[in-house]
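For reference, the structure discussed in these notes is given below.
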Amino acid sequence: MPSAADVQRDAVQFLSRSEQVVNVPWKDIPEPILEQCDDGVRFVYSAVVTVDNDAKANAAELAMFWRSEGLSVSPSVTDFGSRGNTIYAATAHRDSGPRAAYQLSVISVAIEITSECAPGAVDDDDE
């Protein structure tokens, strides 16, 4: 099983590469949320920016990039009936390495990257 430092690094690098696909003004890499998993802990990074964007095109680009990285992508589109209320979303996974999800509208972009499970516990940082 990879170390916590390794899976955290992989998740941050994958988030950075994913952000480069969508040309919007991203903020700094966020602090992770730690989640308990069967064999330890995983790191979840959520990057969200409110910005006008071409959500349909950006969703297609992210899905294509993630597929090129070996992830299986399951996209969806939900139209809530008025301008700006179409949500493009997807989840993406593979057997090993970080998993991913996005949610885009014409006014916001959100990407979430979840690391593999690694040895450790959610409260290890408190010690």
Side-chain angles (χ1 to χ4, degrees):
M1 174 179 285
S3 73
D6 288 342
V7 300
Q8 189 172 14
R9 182 196 66 240
D10 291 348
V12 167
Q13 289 174 350
F14 191 58
L15 175 59
S16 294
R17 291 194 315 273
S18 297
E19 287 178 340
Q20 291 173 9
V21 173
V22 181
N23 188 22
V24 297
W26 292 103
K27 300 173 183 166
D28 292 338
I29 298 293
E31 289 295 316
I33 296 168
L34 278 67
E35 291 182 348
Q36 202 68 44
C37 50
D38 289 342
D39 296 323
V41 66
R42 70 176 131 241
F43 302 88
V44 180
Y45 291 89
S46 296
V48 180
V49 63
T50 301
V51 62
D52 290 342
N53 74 99
D54 185 340
K56 183 177 181 178
N58 285 330
E61 289 291 325
L62 268 173
M64 186 169 50
F65 168 68
W66 288 348
R67 284 184 184 107
S68 76
E69 292 282 315
L71 282 82
S72 174
V73 180
S74 300
S76 68
V77 178
T78 304
D79 185 348
F80 291 104
S82 63
R83 187 198 175 293
N85 283 332
T86 299
I87 304 295
Y88 299 86
T91 57
H93 69 278
R94 57 183 158 201
D95 290 337
S96 64
R99 299 176 306 193
Y102 66 68
Q103 181 174 310
L104 295 91
S105 73
V106 296
I107 60 168
S108 67
V109 178
I111 298 174
E112 183 175 281
I113 305 298
T114 303
S115 76
E116 286 184 88
C117 194
V122 171
D123 60 1
D124 278 355
D125 286 344
D126 296 336
E127 295 176 1

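Just so you know, these numbers use all the heavy atoms, side chains as well, and skip hydrogens, waters and symmetry mates.
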Under 3.5 Å, sequence neighbours excluded: what are the donor-acceptor pairs made by side chains of residues 53-60?
| from | atom 1 | to | atom 2 | distance (Å) |
| --- | --- | --- | --- | --- |
| Asn53 | OD1 | Ala55 | N | 3.3 |
| Asn53 | OD1 | Asn58 | ND2 | 3.0 |
| Asn53 | ND2 | Val51 | O | 3.1 |
| Asn53 | ND2 | Ser105 | O | 2.9 |
| Asp54 | OD1 | Ala57 | N | 3.1 |
| Asn58 | ND2 | Asp54 | O | 3.4 |

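- Counting all heavy atoms, side chain and backbone alike, Cys37 lies closest to Ala118 at SG-N, 4.4 Å.
- Residues satisfying the salt bridge (Lys or Arg N to Asp or Glu O under 4.0 Å) criterion with Arg9, sequence neighbours excluded, are Asp6.
- Here the shortest heavy-atom pairing between Ser3 and Pro119 reads CA-CD, 4.4 Å.
- Proximity of a side-chain donor or acceptor of Glu61 to a complementary backbone N or O of Val21 within less than 3.5 Å is not detected.
- Residues passing the side-chain contact (heavy atoms from CB on, under 4.5 Å) test with Ser46 are Val44, Glu112, sequence neighbours excluded.
- Other members of a hydrophobic cluster containing Val48 are absent, since no ILVMFWY side chain comes under 4.5 Å of it, directly or through relayed contacts.
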Pair Thr78-Thr86, side-chain contact (heavy atoms from CB on, under 4.5 Å): steps then yes or no: CA-CA 6 Å; Thr78 304; Thr86 299; over 6 Å; no
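- Taken from CG in Asp39 to CD in Glu116, the straight-line distance is 11.0 Å, to the nearest 0.5 Å.
- Contact detail for Val49 and Pro25: the closest heavy-atom pair is CG2-O, 3.5 Å.
- In this structure a side-chain-to-backbone donor-acceptor pair under 3.5 Å is missing from Gln103 to Ala89.
- Qualifying ring-ring contact (aromatic ring centres under 6.0 Å, His included) partners for Tyr102, counting only residues two or more places apart in sequence or in other chains: Trp66.
- Taken from CG in Asp52 to OG in Ser108, the straight-line distance is 10.0 Å, to the nearest 0.5 Å.
- Counting side-chain heavy-atom gaps under 4.5 Å among Ile, Leu, Val, Met, Phe, Trp and Tyr, Met64 is found in no cluster with other residues.
- Residues passing the side-chain contact (heavy atoms from CB on, under 4.5 Å) test with Gln8, sequence neighbours excluded: Pro32, Phe43, Tyr45.
- The distance from atom CG of Leu62 to atom OG of Ser18, rounded to the nearest 0.5 Å, is 6.0 Å.
- Partners of Glu35 according to the salt bridge (Lys or Arg N to Asp or Glu O under 4.0 Å) rule, which considers only residues two or more places apart in sequence or in another chain, are Arg42.
- Residues meeting the salt bridge (Lys or Arg N to Asp or Glu O under 4.0 Å) test with Arg17, sequence neighbours left out: Glu69.
- Inter-residue side-chain proximity for Leu15 and Ile29 is flagged as met; some heavy-atom pair is nearer than 4.5 Å.
- For the atom pair CG of Leu104 and CD1 of Ile111, the computed distance is 7.0 Å after rounding to the nearest 0.5 Å.
- Sorted by first and then second residue, the salt bridge (charged side-chain N to carboxylate O under 4.0 Å, His left out) pairs involving residues 88-100 (not counting sequence neighbours) form an empty list.
- To the nearest 0.5 Å, atoms CG (Leu71) and OG1 (Thr91) are separated by 10.0 Å.
- For residues 16-36, there are no ring-ring contact (aromatic ring centres under 6.0 Å, His included) pairs, not counting sequence neighbours.
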